[in-house]
Amino acid sequence: MELSLSIASFPLDSETILDMRELLKMSDRDYSKPLFESSWHLADVPGFAVLAYTENNELLGFAAAADLIGLDSYEWSAFVHPDYRRLTIGSALAGGVAYGLQQRQAVEGLAAFIEEEGAKDFIASLGYQPDFKEIELEAEPLAEFKLPEGLTIIPYDGEIEKLENLMIAAFDEDVLPVVHYNIEKNDREVFVMKREGELVASASLIKEEDESGLWLTAFAVDPIEQGKGYGKAFLLWCRLYAMQQGKKRAVLEVETDNDALTVYRKSGFNPVHTIEYWKKP
């Protein structure tokens, strides 16, 4: 079988996107997130796809890479038709990704794959080593919820220094580019929780274009204020907001060693799958 490999930058054309979506239907697992499906059509997201077509113009596999926060730091993943995984299509796609990253002078190329034995063996064979894991969790929207007395949640109100201090305290200074990116992007909404006017928590929300999901990212509670129920209240409010926006689920990702994992579960978020991130030494 002869294959042709090509690289196309985002935004991809509608025919290519249709081919990629049709191929993903070959699996009973949802690979849309690690493959950046929501960004394929966007012109303002630096990214590209590597496509493997047969001589009959049948798509047998593809990889997608994206720089989600504009720092020349890409993540990538790949999917191959289940009936053709014994071939070297995956390795060819990975080679295409490496070439695309080199052409874009990327400073990093993390590989992201849903945790399963076949994926582990494949990515390890390419010389990658495990870096960290994230659990994807989802919850049903809430029809009703009332914040505890004294708490309010409002759209980001421009108090950048207070927001930066909160995020640095919860994470570290490396989070600041993400904070500014979330504020500047039109497809993201930054909300802050205040107690009697003082900032205690924040989260960024991303609406998927269809009705499927509301994504929570950059969620943080001031470490001094943790253990007081603010995180759970914010998460329940996000489920309410998902209902108000007509979404079918609220979704988030959290590292497997995050101490807040228990809070997410108590707030109604249940594990969907684990995504492993790999990097080259």
Side-chain angles (χ1 to χ4, degrees), residues 33 68-69 132-208 213-247 249-272 275:
K33 180 62 167 55
L68 295 179
I69 57 174
F132 63 94
K133 300 180 183 181
E134 288 187 337
I135 300 176
E136 181 178 313
L137 304 105
E138 69 176 31
E140 294 183 355
L142 277 181
E144 296 182 4
F145 174 69
K146 184 177 181 180
L147 284 169
E149 187 175 352
L151 292 179
T152 58
I153 295 178
I154 61 173
Y156 166 68
D157 53 3
E159 294 184 331
I160 186 62
E161 185 175 350
K162 290 183 178 180
L163 180 58
E164 287 179 341
N165 290 338
L166 172 102
M167 298 301 289
I168 291 173
F171 299 101
D172 55 42
E173 291 190 355
D174 291 341
V175 77
L176 291 182
V178 178
V179 173
H180 290 275
Y181 182 83
N182 289 339
I183 291 172
E184 294 166 3
K185 290 287 288 183
N186 292 330
D187 64 339
R188 302 182 178 215
E189 297 178 283
V190 179
F191 287 90
V192 294
M193 172 183 277
K194 293 191 175 185
R195 183 199 60 217
E196 299 177 353
E198 293 299 319
L199 182 63
V200 296
S202 178
S204 297
L205 305 183
I206 308 168
K207 301 173 192 174
E208 294 181 345
L214 177 75
W215 280 86
L216 288 66
T217 184
F219 174 65
V221 178
D222 188 331
I224 298 176
E225 304 292 350
Q226 291 177 5
K228 299 179 181 179
Y230 300 147
K232 182 178 180 180
F234 209 144
L235 292 168
L236 292 173
W237 179 88
C238 289
R239 292 177 60 192
L240 174 68
Y241 188 71
M243 173 68 76
Q244 295 171 344
Q245 299 300 310
K247 301 303 180 184
R249 59 179 188 151
V251 194
L252 57 83
E253 291 177 336
V254 58
E255 289 193 33
T256 53
D257 59 354
N258 192 307
D259 294 336
L261 188 57
T262 301
V263 176
Y264 296 128
R265 294 191 175 188
K266 288 182 177 179
S267 304
F269 285 81
N270 298 307
V272 178
I275 297 178

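None of these values were measured; they are calculated from a predicted model.
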Sidechain N-carboxylate O distance under 4.0 Å for Lys228, Glu225: yes

Gap separating the CG atom of Asn165 from the CD atom of Glu159, nearest 0.5 angstrom: 11.0 Å

Under-4.0 Å salt bridge between Lys194 and Asp157: yes

Non-hydrogen side-chain atoms of Glu253 and Ile275 separated by less than 4.5 Å: yes

Exceeds 12 heavy-atom contacts within 6.0 angstrom, atom CD of Glu140: no

Heavy-atom side-chain proximity of Leu163 to Met167 below 4.5 angstrom: yes

Minimum side-chain heavy-atom gap Leu235-Leu216 below 4.5 Å: yes

Contact check, side chains of Val192 and Ile153, non-hydrogen atoms, under 4.5 Å: no

Between CD on residue Gln245 and CG on residue Leu240, distance to nearest 0.5 Å: 10.0 Å

Neighbour count above 12 (heavy atom, 6.0 Å) for Ile154 CD1: yes

Residue pairs, two or more places apart or on separate chains, that pass salt bridge (Lys or Arg N to Asp or Glu O under 4.0 Å) and touch residues 168-185: Asp44-Lys185

Verdict with supporting geometry, Tyr241 and Met243, side chain to side chain contact (heavy atoms under 4.5 Å, CB included): CA-CA 5 Å; Tyr241 188 71; Met243 173 68 76; over 6 Å; no

N/O donor-acceptor pair under 3.5 Å between Glu136 side chain and Val272 backbone: no

Non-neighbouring partners of Arg188 that pass side-chain hydrogen bond (donor to acceptor under 3.5 Å, both in side chains), sequence neighbours left out: Asn182

Non-hydrogen atoms of Val263 and Gly231 that approach each other most closely: CG1-C, 4.2 Å

is_close_aromatic(Phe191, Phe234), centroid dist under 6.0 Å: no

Lys33 charged N/C atom sitting above Trp215 aromatic ring, 6.0 Å / 45°: yes

Which atom of Leu137 lies closest to which atom of Ile135, heavy atoms considered: CD1-O, 3.5 Å

Criterion side chain to side chain contact (heavy atoms under 4.5 Å, CB included) on Ile168 and Leu176, from CA distance to verdict: CA-CA 7 Å; Ile168 291 173; Leu176 291 182; 3.9 Å; yes

Close side-chain approach of His180 and Glu164, heavy atoms under 4.5 Å: yes

Atom of Pro223, atom of Ala169 and distance for their closest heavy-atom approach: CG-O, 3.2 Å

Test item: Lys247 side-chain N/O and Arg239 main-chain N/O as donor-acceptor pair under 3.5 Å: no

Spatial distance of atom OG (Ser267) from atom CZ (Phe145) [nearest 0.5 Å]: 9.0 Å

Value rounded to 0.5 Å, distance of CG in Leu142 from SG in Cys238: 10.5 Å

Aromatic ring pairing Tyr264/Phe269, orientation class (parallel under 30°, perpendicular over 60°, tilted between): perpendicular

Single hit among Val251, Leu68, Ile206 for side-chain contact (heavy atoms from CB on, under 4.5 Å) with Thr217: Ile206

Leu166 and Ser202, any side-chain heavy atoms less than 4.5 Å apart: yes

Heavy-atom side-chain proximity of Pro271 to Arg265 below 4.5 angstrom: yes

pair Lys207-Glu189: side-chain heavy atoms closer than 4.5 Å: yes

Derivation of the side chain to side chain contact (heavy atoms under 4.5 Å, CB included) call for Glu134 and Thr256: CA-CA 5 Å; Glu134 288 187 337; Thr256 53; over 6 Å; no

Contact summary for Ala203 and Phe219, nearest pair of heavy atoms: CB-CD1, 3.7 Å

Atom pair CD (Glu138) and CZ (Arg249), whose distance is rounded to the nearest 0.5 Å: 5.0 Å

